[in-house]
Each structure stands twice: as C-alpha cells, then as structure tokens.
**Student:** 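Structure below; questions to follow.
We name chains A, B, ... by the order of the sequence lines, and we start the count at 1 in each one. When reading the values below, keep in mind they use all heavy atoms of this one structure, side chains included, and skip hydrogens, waters and symmetry mates. What you see is a predicted model; the values in this text were computed from it and never measured.
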Amino acid sequence: MRVQISNGMFMAIIINMVYAKAIGITQGSLAREVGNDMWISTIFSTLQGIMMIVFVTYVIKRTPKMDIFEQSELLLGKIFSKIIALFFFIFFLFAFGGVSATFVYHLKDFFLPDAPLVLFIIAAFIMGVYGIFFGLEVIGRMALIGVFSIIALNVLIILGSLSEFRVEELEPIFESGFLSTLWASRHNDTDWLMATMMAAIILPHVGKQESWGKSGIVGIGLGGLFVVLWPILQTGVLTSEVTAQYFVACMQMARSAHIGLFLHRYELIMVAFFAISALIQIMMTFLCASIAVQRLFGLKDYRPVIVPVALILCGGGYCLVFDHQIAMDFLEKTWIYVALSIGFGVPLLLWLIGFLLKKKFKNTNMEASS
Amino acid sequence: MPDELELKLTSTFTFDIESNISLIREILGHSVDLVQRDFIFHQEKQIRGVLFYTDGLIDKEEINKALKTLINCSDEILSSCIGDRMGDELTKNIKTYLLNNVSVNQSNKVQDAIDGILSGDTAIIIDRTEQVIILSSRGADARSIEEPQTEQVVRGPRDGFTENIRTNTALVRRRIRDPQFRVESMKIGKKSKTDVNIAYLKGTVKEGLVEEVKKRLARIEIDAVIDSGYIEELIEDAPFSPFTTVQSTERPDKVASYIFEGRVAIFVDNSPFVLTAPAYFWQFLQASDDYYSRYMSGTFFRLMRYIAFIISLTLPSLYVLLISFHQEMIPTPLALTIASGREVIPFPVLLEALIMEISFELMREAGLRMPKPVGQAVSIVGSLVIGQAAVQAGVVSPFMVIIVALTGIASFAIPNYGASFSIRLIRFPLLIASGTLGLLGFASMFTIIAIHALSLRSFGESYLAPATPFKPSDQKDFLIRMPWWRMDTNAQLAEGEQYRLGEHQVPSPPPKGVDKEGDKGQKPPEKKKSDNENNPPSSKQSLVKIRRKKRKWGKKDET
C-alpha cells in the first residue's frame with residue numbers, strides 16, 4: 001500500500017519546495033535582469049507555475065494510481081520509463097545545485113563565514129538522508145510546520161521593514177518592457193518547475209484525487225503570495241539596484257530589518273524559520289532523485305539508494321557552491337536550460353504520447369475499476 | 001526442580017486431605033506468614049477441614065466470619081451429601097447455603113489455590129473432597145487516598161491513585177457512571193503474577209485500540225512486574241526515543257477524562273501510576289487546572305507552559321550560540337553587560353554551560369533522593385551558596401547562572417515528570433551542537449529532533465497531532481483552552497457521539513423585563529411570532545437553521 005499524505009500536506013510541500021530559493025537567490029537574478037519589475041516577473045512565473053501544475057495534474061490523473069514513471073512504462077515500456085527516470089534524476093541533480101547554494105550561502109556568508117564549506121554540505125546530507133528515511137508522510141508533516149515558519153518569517157520581515165518602504169521605488173511599472181519582464185520570469189519558473197516535477201512523482205500519494213488540481217493551484221498560489229512579498233519589499237526598501245548587487249538578496253533584506261532600536265538585528269530568528277523551508281527543499285530533492293534512481297534500476301524501495309544518491313547530489317552541490325561566480329553562472333544559465341527543457345518537455349512529451357495511445361489508459365483504468 | 005514445581009502446580013487436588021495439605025506445604029514451604037488453621041467441619045460427621053492463608057494480605061474479619069460459619073453452622077448442610085468420597089456437591093452447598101462472604105469460588109486446580117493464597121485469598125480444604133473453596137479475603141494494609149505528589153493542582157480534585165488496583169479502578173469508576181465503562185483483567189509476570197486491568201469506555205474508545213493494547217500486554221514475558229513503568233517500557237511504540245509515548249498519571253480525574261476521549265487506561269497493581277494510551281506530545285504540557293479554572297486563566301497558564309517548554313529546550317543553546325558565534329545579533333548594551341560578566345571566566349561558554357547544567361541536574365537529583373529536610377538544605381546550599389561562590393570565584397558568569405536557573409524553573413513548569421525529563425535530555429545534544437557549530441548546529445540538531453518527533457506514533461496515532469497532522473476540530477483544546485460552552489464536539493479520537501454539549505450552552509443574564517419574583521432561572525426571551533411569520537429569514541439565518549437541523553444531539557453528523 002502506498003503511503004498517503006493529505007492534500008494539505010501536498011500544498012505545504014509545494015510551498016516549501018519553492019520558497020527558500022525563490023525569495024533569495026532567484027530575486028537577485030531577477031533584479032539583475034529587470035530591475036524594479038522583478039515583482040511583476042515573480043507574479044508572471046507564479047501564473048505559469050499554476051498552469052504547469054494544472055497540466056501535470058491532468059497528465060497524472062489519466063492513470064491516478066500510477067506516478068509518472070509507471071505511466072511512461074504503461075505507454076512505451078520499461079526502457080522508456082527508465083529514460084524518463086534518468087531525466088528526472090538529472091533534473092533533481094541540477095536542482096540540488098540551487099538548493100545547496102541557497103542553504104550554504106544563507107548560513108555561511110551571513111553567519112559562519114569562517115566555517116569550512118564541507119561542514120554545511122555534511123549537515124545537509126545528514127538531515128536530508130535522515131528525513132527521507134522516514135518517508136513522504138514525515139516530510140509532509142514537517143512541511144506543515146514549514147508553512148507556519150514561512151508565515152512567521154513573512155510577518156517578521158513586514159514588521160521590520162514596512163516603516164522604510166517607499167512605494168515610489170516600485171515605479172515605473174514595466175520599466176524594462178512587458179516582454180523582457182515576462183522573459184525574466186524563467187528564473188522563477190525553474191523554482192516552480194521543481195514543484196511541478198515533484199508533483200509528478202508524489203501526486204499518486206495524495207489523498208483526495210478529485211482535489212489534486214485544486215490543491216496544486218492553491219499550493220502554488222499561496223507559495224507565490226508568500227514569495228512575491230519579498231521582491232515587493234526588496235524593491236521598496238532596498239531598491240532593485242541594491243538587490244541586484246547581492247547573490248543572496250533576501251539576507252541583505254533581513255539584515256536591514258529592525259524593530260525599534262533594541263531589536264536592531266534579528267535575522268538569526270528569521271533564518272531559523274527559513275531553515276525549515278530550506279531543509280524541506282533538500283529532503284524533497286533527495287527523495288525525488290532517489291525515487292528516480294529506484295525506477296531507473298527497477299528497485300522495489302528507494303531506501304537502499306538514498307545514501308549513494310545523496311552522496312552524488314552533495315558532491316555535485318559541493319563542487320558548485322565552492323565558488324560564488326560558478327554558482328551564479330550555473331543558476332542563471334545552465335540550470336535554466338536544464339530546468340525548462342526537462343520541466344516543460346517531459347510532461348509535454350508524456351501528454352503527447354498519452355494522447356496518441358489513449359486506448360492503453362482506457363484498458364488500464366477499466367482493469368483497475370473491475 | 002522448577003519442572004517438579006511446575007508439575008505440582010499443574011496437578012489437581014485429591015480426595016485425601018493429608019496429601020492436599022502436604023502438596024501445598026511442598027509448594028509454599030514453611031514460611032512464617034503462611035498460616036494453616038485446622039478445624040472440624042460438620043460435628044456430626046467429624047470431617048476435618050483446613051484453611052490456608054497468607055498473614056498480612058488478608059482481612060481477618062472475613063476469615064473469622066467464614067470460620068465461625070464453617071464450625072458452628074456446618075450441620076445445616078444435608079448429611080445426605082456427605083459420604084466417603086464427595087464430589088463438588090458439598091462445596092457447592094457450602095458456597096451456596098453456608099458462606100455469606102461476598103466472593104467464593106471453587107476449584108480442584110492446585111494453581112488456583114496457590115494463586116489465591118498468595119494474593120490474599122483463603123483456600124479452604126475439606127477432607128474427602130477434591131474441590132477447594134477459595135474465599136476472597138483480601139485486605140492487606142494499604143496507603144490511604146492522598147493528594148498526588150507529582151501532579152498537584154490549585155483547583156480540582158485532591159484524590160490520587162494508591163497502590164491498590166481496586167481502589168484505583170473505583171476512583172475512576174466514581175467519575176464514569178456509564179454502563180459502557182469496562183474494566184478487563186489479566187495477569188502479567190511469571191513470578192509476580194501482577195494484576196493488570198484495562199479500562200475503556202465501550203462505544204467511545206477508538207476502534208481496534210483495546211485489542212492492540214491487549215495484544216501488546218499479552219506478548220509480555222517477564223518474571224515480575226513491580227510498577228507500571230515496567231509495562232510502559234514493554235508496550236511503548238518508540239523504545240529508543242527520548243520521548244515518552246505512553247502517559248502515566250497519578251490523577252484519577254485525568255484518567256477519567258482520557259477515557260471519555262476514547263483512550264485506554266492500564267492499571268497495574270501495586271503502582272499509583274496509571275498508564276493511558278495513545279499519548280500525544282502536547283498533552284504532557286496540559287494540566288488538570290486548565291479545565292477546572294476559567295478558560296481565560298486556563299489558556300494563560302497553558303501558554304505559559306508552552307513558553308516554559310521553549311525556554312527549557314532552547315534557552316541555553318541559544319545563549320551559547322549567540323555568545324560563541326553570533327555576537328553581532330545581541331543588542332549592544334546587552335552584549336557589553338554579558339562581556340563584562342564573562343571577562344574573568346577561563347572556560348569557553350559551551351563548557352561553562354555544560355558545567356552549570358550538570359551541576360543543576362546533580363543538585364536536583366540529590367535534593368530528590370535525600371530525606372526531605374536534608375534535601376531542602378542541599379538545594380539551598382547548592383543553588384545559593386555554591387552559585388554565588390562560583391560567580392565570585394570567576395568560574396561561571398552571572399548571566400550563565402540566570403540562564404541555567406531560568407531553564408531549570410521552566411523545566412519544572414512542565415506538568416508531567418516524564419515529559420520534563422525528555423526535554424531535559426534532548427537539551428544536551430542541542431546545546432553541544434549549538435556550541436560547536438553555531439546556528440548550523442542548532443538548526444541541524446533541532447531539525448533532526450523534529451523529524452524524529454514527527455515520525456513517532458503512539459498506538460497508531462501521530463505523536464504531534466493535532467498540530468501536525470493538523471486536526472482542525474482538536475484545535476479548541478490545543479494551544480488555547482476554549483470555554484466549555486464552545487468545546488461542543490468530542491475529541492477526534494473518540495468514536496460514537498460527536499457532540500458532547502447540548503445547544504445554547506453559552507450562559508447569559510436573564511433578559512430585561514422578566515418578573516424577578518416569579519423568575520426561577522433564566523428564561524429565554526419570547527419569540528416575536530409576527531417577525532418570523534411576516535419576514536422571511538435572511539440567508540444567514542437560514543444557514544444557521546440548516547446547521548441546527550443537521551445536528552442532532554448525541555449523533556454523528558451524517559455528512
């Protein structure tokens with residue numbers, strides 16, 4: 001029997017899956033490209049994320065008892081399923097680059113600059129492996145706590161920065177032009193694609209099948225709401241020019257926040273809340289990559305591959321975050337190509353093949369219902 | 001030798017009283033507290049009889065009464081049923097017509113008689129019959145009902161469990177006068193044969209829970225059970241976890257309320273601590289007072305306990321990580337005060353914290369184990385004299401003393417001793433991780449502890465519910481305690497009736513204009529019929545009506 005998670009947990013996982021990277025590193029990239037319009041770009045990408053989750057849900061719903069690998073096996077056999085699994089593994093391997101950069105740079109650059117880099121990677125490895133060993137349900141419960149932390153973090157940043165918010169900094173709207181702003185949304189699309197690719201794997205574990213679509217839309221909608229607050233505040237308080245100077249823009253924002261004179265620095269508290277979201281990103285990336293490898297090798301359980309997969313991901317992550325410039329180039333170029341091509345391409349390909357081979361779904365669903 | 005004993009125990013009595021007496025003597029030996037009282041039964045027929053009981057475990061009045069009846073009134077038994085070899089007719093007659101004690105049983109099994117004698121019952125052996133009468137005469141001296149030592153309340157009942165299992169079940173039974181309340185019995189412990197009772201409310205208890213509890217209890221193979229702690233460790237879900245997944249309590253009111261919520265209680269003879277399952281983490285932070293005081297004070301003190309929990313778990317770790325790694329996060333005036341206090345301290349802050357935490361635990365343990373007056377003296381000497389001297393000597397900083405004292409006080413605010421200990425235990429890895437890796441260590445260790453707690457289950461229930469998984473209906477009694485008139489639904493765990501309150505339970509003053517002399521209570525205002533008849537109800541009113549229609553007292557919503 002499959003592990004079941006509630007629709008609420010599914011939404012919480014989606015929110016946590018995008019939040020940590022989207023508020024920090026992605027906003028820096030957006031600010032460098034479209035300046036003031038980064039918040040509009042974030043809204044555009046949220047809308048694209050909603051469309052994508054609806055599409056992925058539609059694809060998975062054709063065989064609701066099967067995840068994307070099982071569906072691809074049904075359509076074109078085992079070899080095709082393994083190719084899809086390989087694509088998923090590559091996606092999450094590259095995704096971990098961004099995830100590890102988010103985790104490491106937030107803590108190392110702003111709190112522990114003298115600590116060796118490997119320490120952060122080891123911590124991520126231990127927590128990620130420990131978390132996914134207990135499975136999706138535990139991560140789902142953790143994600144619920146993560147959502148409360150995100151809300152707390154957002155409230156704290158509003159309290160600490162609203163007094164310095166200048167609405168005129170947001171103007172003029174569409175300064176870089178509509179199309180450029182829309183095109184820049186690809187940076188944030190990569191974050192949402194992490195959520196949609198994850199959904200393609202975990203949707204069959206979600207309780208109420210009839211509300212999959214609704215849960216996905218609400219998850220991404222709420223996630224977008226929590227995320228878009230940051231570029232608005234960053235533009236209104238820091239200005240887009242300053243935001244563009246930083247790799248981890250949200251930390252600069254958090255550092256400048258203060259409540260009165262006595263609480264002049266409280267980014268530590270904010271990062272403690274932020275850490276839960278970052279860790280859920282790590283866990284879910286490990287989990288999805290492990291499931292992809294499990295399907296690639298035709299194993300019954302993903303647990304035997306957790307450690308090797310985590311080692312590969314952490315190895316890659318370590319090489320990437322070793323140098324800020326390499327990490328930035330990777331996240332603003334390579335990762336975008338990989339994420340967009342696999343994230344949009346694989347569900348589209350499966351939909352197309354499924355469209356051509358409709359009969360297979362009918363037969364399978366009839367067998368399942370009988 | 002044990003095989004021989006086993007053989008004797010599984011044998012049955014014979015018609016010869018001598019061999020029966022020697023059999024009991026061989027099994028029980030010649031212990032001074034094993035009393036053998038010979039008598040002549042039925043003076044006309046001159047039949048020999050003997051009583052066996054354990055001195056100190058019995059109620060002498062019961063035995064005197066039975067002996068008097070057996071000696072003086074035995075002639076009333078029909079002589080016709082007395083012969084050379086008597087079946088169970090004689091013992092049946094004695095049981096039915098002669099002995100007027102409350103509980104009398106008969107058996108021909110040696111094991112039953114021995115178990116009875118060792119439990120405080122009296123075995124009556126009569127010549128020429130292979131049946132033994134087992135008379136219930138239990139009456140060992142027991143501690144009277146006193147106020148629980150570990151869970152005291154300001155407002156609420158003062159009675160606590162004792163070491164007598166029957167007294168304990170009675171204390172709960174007094175609070176649950178429902179015919180569906182069940183108490184089932186079993187014995188655990190090969191040598192101790194400890195009585196264990198399982199209590200639950202049929203129809204309310206979660207489906208399958210009683211069977212699961214019985215299954216776990218039945219698989220216990222142990223020589224002796226001295227306290228309910230043995231059972232707790234043998235049935236819990238997470239034996240390697242610092243968190244306790246079975247609650248133990250000395251309070252009958254707590255047990256009764258848990259039973260009403262659909263849980264199972266496990267009573268163990270000779271233990272004043274009753275176990276209840278399943279257990280949620282948050283219930284360890286809730287005190288009985290919360291429900292007996294008004295909801296505002298109940299909520300306030302509950303929130304205080306949550307704060308105490310956070311302080312107890314994280315304060316030393318946060319202090320150490322701030323001082324060691326993230327000094328820039330401390331407001332400048334405060335940082336200067338701390339720095340001036342730490343100027344002469346030769347130890348790193350982590351070591352200082354560990355020394356202080358261990359010293360505090362030592363003082364607490366010493367104070368607990370020593371005789372009360374000495375214990376108090378140790379606490380005073382330890383906390384005041386040594387603390388003051390340590391600060392003056394420059395071994396620890398004044399701030400660290402404050403931190404450790406605050407943490408200690410906060411840990412004592414947690415009402416359950418077991419939970420308080422769990423938190424104290426997990427504080428140490430958190431402290432070490434924070435002291436060595438700063439924020440990274442704190443976040444990592446905290447996450448590992450959180451994942452561990454999230455993965456725990458207690459008898460199939462998620463340990464951290466109703467927080468995660470989120471159960472909306474149980475939020476009324478989680479972080480805050482809603483007023484009783486708002487807690488209208490039963491706990492989600494409970495089966496059967498969904499509503500525990502009737503409608504319109506919110507109290508209100510009598511309406512204006514009611515004749516005070518004739519008023520015997522609160523009268524509802526008279527409905528203005530014309531209003532309802534003339535004006536159709538608004539959409540909101542209609543909704544309220546629909547909700548009320550759906551809700552039938554004591555029934556689950558069909559939806």
Side-chain angles (χ1 to χ4, degrees), chain A residues 5-6 8-9 12 103-104 106-108 110-115 119-120 122-135 137-149 207 255 258 260-276 278-280 282-283, chain B residues 238 241 280-281 310 313-314 317-335 337 429-430 433-457 460-472 475 478-479:
Chain A
I5 58 167
S6 67
M9 286 181 189
F103 180 70
V104 172
H106 272 83
L107 295 175
K108 186 171 161 56
F110 291 86
F111 294 99
L112 298 160
D114 299 327
L119 216 59
F120 298 91
I122 290 171
F125 173 82
I126 292 170
M127 284 182 285
V129 168
Y130 185 68
I132 64 167
F133 179 78
F134 291 107
E137 199 186 350
V138 168
I139 302 175
R141 288 186 204 158
M142 185 90 180
L144 287 174
I145 302 174
V147 171
F148 288 113
S149 307
R255 191 172 260 190
H258 59 94
L261 286 174
F262 193 73
L263 263 180
H264 68 300
R265 294 281 295 269
Y266 62 97
E267 67 256 36
L268 188 90
I269 302 167
M270 287 198 267
V271 163
F273 288 128
F274 168 88
I276 299 174
L279 287 167
I280 289 164
I282 292 171
M283 285 177 212
Chain B
S241 171
Y280 302 109
F281 175 74
I310 294 165
L313 186 64
T314 60
S317 317
L318 288 176
Y319 177 74
V320 167
L321 83 88
L322 283 172
I323 299 295
S324 308
F325 295 94
H326 313 294
Q327 300 89 349
E328 73 278 8
M329 299 295 141
I330 309 169
T332 316
L334 186 65
T337 315
L430 205 59
S434 306
T436 49
L437 295 172
L439 178 64
L440 178 68
F442 179 81
S444 306
M445 191 50 74
F446 193 85
T447 306
I448 287 171
I449 292 167
I451 293 170
H452 170 69
L454 285 166
S455 69
L456 292 181
R457 281 181 176 276
E461 290 295 307
S462 300
Y463 191 53
L464 290 188
T468 171
F470 190 75
K471 293 182 178 175
Q475 300 303 314
F478 166 45
L479 272 178

**Student:** Is L279(A) close to chain B through its backbone or its side chain, or both, or neither, when contacts mean heavy atoms under 4.5 Å?
**Tutor:** side chain
**Student:** With side chain to side chain contact (heavy atoms under 4.5 Å, CB included) as the criterion, how do I5(A) and R141(A) come out once you've worked through the C-alpha distance, each side chain's angles and the decisive distance to 0.1 Å?
**Tutor:** CA-CA 9 Å; I5(A) 58 167; R141(A) 288 186 204 158; over 6 Å; no
**Student:** Can you tell me how far the CZ atom of F325(B) sits from the OG atom of S434(B), to the nearest 0.5 Å?
**Tutor:**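 Going from CZ on F325(B) over to OG on S434(B), the span is 9.0 Å.
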**Student:** Is chain A contacted by the side chain of L322(B), its backbone, both, or neither, given a heavy-atom distance below 4.5 Å?
**Tutor:** side chain
**Student:** Grab the two heavy atoms, one from R457(B) and one from E137(A), that are nearest each other, plus how far apart they are.
**Tutor:** NH2-OE2, 2.9 Å
**Student:** Under 4.5 Å, counting heavy-atom pairs only, tell me which of G438(B), S455(B), G441(B) racks up the most with chain A.
**Tutor:** S455(B)
**Student:** Please report the interatomic distance CZ(F470(B)) to CG(L144(A)), rounded to the nearest 0.5 Å.
**Tutor:**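 That separation rounds to 8.5 Å.
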**Student:** Under 4.5 Å heavy-atom distance to chain B, tell me which part of L119(A) shows up: side chain, backbone, both or neither.
**Tutor:** both
**Student:** Sort out for me which of L454(B), L334(B), L318(B), I330(B) touches chain A most, counting heavy-atom pairs under 4.5 Å.
**Tutor:** L454(B)
**Student:** Would you give the length of the straight line joining atom CD1 of I451(B) to atom CE of M142(A), rounded to the nearest 0.5 angstrom?
**Tutor:**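 One finds 5.0 Å between CD1 of I451(B) and CE of M142(A).
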**Student:** Under a 4.5 Å heavy-atom cut-off, does chain B meet the side chain of A275(A), its backbone, both or neither?
**Tutor:**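 A275(A) touches chain B through side-chain heavy atoms alone.
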**Student:** Which bit of F134(A) is near chain B, if near means a heavy-atom gap under 4.5 Å: side chain, backbone, both or neither?
**Tutor:**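 Contact with chain B is through the side chain of F134(A) alone.
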**Student:** If I measure from the heavy atoms of chain B, does F120(A) come under 4.5 Å with its side chain, its backbone, both, or neither?
**Tutor:**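 Both parts, heavy atoms under 4.5 Å.
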**Student:** Q475(B) side chain to K471(B) main-chain N or O, any donor-acceptor pair under 3.5 Å?
**Tutor:** yes
